[in-house]
Amino acid sequence: MLDSKYLRSELTQTAERLATRGFVLDVAQISALEEQRRELQVATQELQNQRNSKSKNIGQAKARGEDIAPLLAEVEGLGAELDAAKIKLDAVLAELDQIALSIPNLPDLAVPVGKDETGNLEVRRFGDIPSFDFEPKDHVALGEALAGGLDFENAVKIAGSRFVVMKGQIARLHRALAQFMLDLHTEQHGYTELYVPYLVNKDSLYGTGQLPKFGADLFHTQPATEEGVGMSLIPTAEVPVTNLARDRIFDLAELPQKYTAHTPCFRSEAGSYGRDTRGLIRQHQFDKVELVQLTHPEHSMAALEELTGHAEKVLQLLGLPYRVMLLCTGDMGFGSSKTYDLEVWLPAQNTFREISSCSNMGDFQARRMQARFRPEEGKKPELLHTLNGSGLAVGRTLVAILENYQQADGSIRIPAVLQPYMGGKTEIRA
RNA sequence: GGAGAGAUGGCAGAGUGGUUUAAUGCACCGGUCUUGAAAACCGGCGAGGGUUAAUAGCCCUUCAAGAGUUCGAAUCUCUUUCUCUCCGCCA
């Protein structure tokens, strides 16, 4: 959510910046509503003021034992007038609120302007793309061959498409990856590990920006009506972890807060039918190790570089080739002001695929959540900045390991850093 | 799931329809005093919003949340959420 005062005073400029990400801001509608809002709010508050002072007079007159009948006559009709004013004001406020919640974040001025993913900028690359003296298989073929380690057929029977059953050494490798990532971030990068709810309430989803616009991307325990009191399965640990800061005021010394959590993520993948239907790339349920930082506003951009580096470190230690993309205005997520995507090399597809997305949300989520810090004892609290990134998506990392570390006979070498988590084994074979 | 109790400012804790503009204490901030500190004393001290050039004034909202009664609600009524105690069930 953008600052309403800023939105009001810099309406044209805001519309221009939002246009770079393909969002059309209805300037005329907002100005008209703002004008109504101002008039109605002033009028309503004036009526409230009258009611308060007159009621107080009645109380004092009564205490003195005076006749209050004339005073009561004075306030007659005031209540009805006030109710009417309130109803009008509430309607306008609700409309403005709905608009405000639907406006995406302003892109940072350093973000390249572009229409879609073709406008993204490659920032750097790491690692050499492996060459094979045989035709590399994709992870589905490799996983199914390894004693049915990746079992999509049974997943369909149990749940449906876009689910998987993992078995044996593949299941263990999947677990090893998550453990390795958590240990790295907690022991080397200074994050505190969290275990969080996988079902969250509506307030949390509004806080991080999934609602009101993206309810269709989530699984809900009740129909996704706005008034529904049901819970929703988390699409990312960003939701429960970032919402720890909701309605909180941190001391300056408490910042930055750095959290990591390994959770399953659930996405309905609405609108993606037909895309990535094969394999683990796009699932309804997948595991992710998430990184979240709550920072002072002045430090959030530096924190984004740092957090992205923490995610990169995972790929580096696993020896997986990747590139870092700076997303353009048109390809960024709803709440982000600046985003880096990490894309890992997948030999079977002969291309880079997204494996992590690291974003500085600025004060966008903090304003929705009222997540604040006190810059100085006795001073007013200010909004903090929130950041999050995948460190990494576990399923896609598994895909990358299988494909990049495959050998001619279909066996998989295990990267050295994972071997302690795999009982000392150096490779997986059927 | 059943029975009961409860939810007030950073914390503790008064307040059961109108001098409550939420008492008091602790914590915190400023000042006086002091070589300095402590103590004592004096003053200040929640959050959100509107108006405004204003971080000045003035005003509105806020005592878990929502709805209601009333000229007036922390206080009365209803609903919801959460917490605690006991019982049941359970990993």
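All values below come from the heavy atoms of this structure, side chains included, with hydrogens, waters and symmetry mates left out. What you see is a predicted model, and the numbers here were worked out from it, not measured in a lab.
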Could you give the distance separating [M] and [N] at their [atom1] atoms, to the nearest angstrom?
| N | M | atom1 | result |
| --- | --- | --- | --- |
| B/U70 | B/U77 | C1' | 12 Å |
| B/A14 | B/G25 | C1' | 11 Å |
| B/U75 | B/G17 | P | 11 Å |
| B/A5 | B/U79 | P | 15 Å |

Who are the side-chain hydrogen bond (donor to acceptor under 3.5 Å, both in side chains) partners of [X], not counting sequence neighbours?
| X | result |
| --- | --- |
| A/Ser232 | A/His220 |
| A/Thr308 | none |
| A/Glu427 | A/Gln407, A/Arg429 |

If I take atom [atom1] in residue [X] and atom [atom2] in nucleotide [N], what distance separates them, rounded to the nearest angstrom?
| X | N | atom1 | atom2 | value |
| --- | --- | --- | --- | --- |
| A/Leu93 | B/G50 | CG | C1' | 11 Å |
| A/Phe250 | B/G10 | CZ | P | 15 Å |
| A/Gln41 | B/U52 | CD | P | 11 Å |
| A/Leu252 | B/C29 | CG | C1' | 17 Å |
| A/Met1 | B/G48 | CE | P | 13 Å |
| A/Glu35 | B/G50 | CD | P | 16 Å |
| A/Arg374 | B/G46 | CZ | P | 9 Å |
| A/Gln370 | B/G46 | CD | C1' | 14 Å |

Checklist entry - Is A/Arg372 touching bases, backbone alone, or none of the nucleic acid, heavy atoms closer than 4.0 Å? => result sugar-phosphate
Going by atom types only, do [X] and [Y] share a side-chain donor-acceptor pair under 3.5 Å?
| X | Y | value |
| --- | --- | --- |
| A/Ser336 | A/Asn105 | no |
| A/Lys157 | A/Asn154 | yes |
| A/Glu193 | A/Thr186 | no |

Give a yes/no on whether any side-chain N or O of [X] is located under 4.0 angstrom from OP1 or OP2 of [N].
| X | N | result |
| --- | --- | --- |
| A/Arg8 | B/U51 | yes |
| A/Arg38 | B/U52 | yes |
| A/Arg37 | B/U51 | yes |

Checklist outcome for this item: Only one of A/Val394, A/Val289, A/Val314, A/Thr397 passes side-chain contact (heavy atoms from CB on, under 4.5 Å) with A/Phe180, and that residue is A/Val314
Checklist entry - How does protein reach along nucleotides 53-79 of chain B, written 5' to 3' as B (base within reach of a heavy atom under 4.0 Å), S (only sugar-phosphate), or - (no contact)? => result ------BSS---------BS-------
Next on the checklist: Can you give me the dot-bracket string for RNA chain B, 5' to 3', counting Watson-Crick and G-U wobble pairs with both distances under 3.5 Å, using [ ] for crossing pairs and | for partners on another strand?
Outcome noted: ((((((((.[[[..)..(.....]]].(((((.......))))).((((((.....)))))).[[[[[..)....]]]]])))))))....
Item to check | Output field: ring centroids A/Phe364/A/Phe334 closer than 6.0 Å | outcome: yes
Next on the checklist: Looking at A/Asp276 and A/Arg396, is any side-chain nitrogen of the basic one under 4.0 Å from a carboxylate oxygen of the acidic one?
Outcome noted: no
Checklist outcome for this item: For residues 294-304 of chain A, the side chain to side chain donor-acceptor pair (under 3.5 Å) pairs (sequence neighbours left out) are A/Ser300-A/Asn360, A/Ser300-A/His385
Checklist entry - To the side chain of A/Val42, which of B/U51, B/G46, B/G48 is closest? => result B/U51
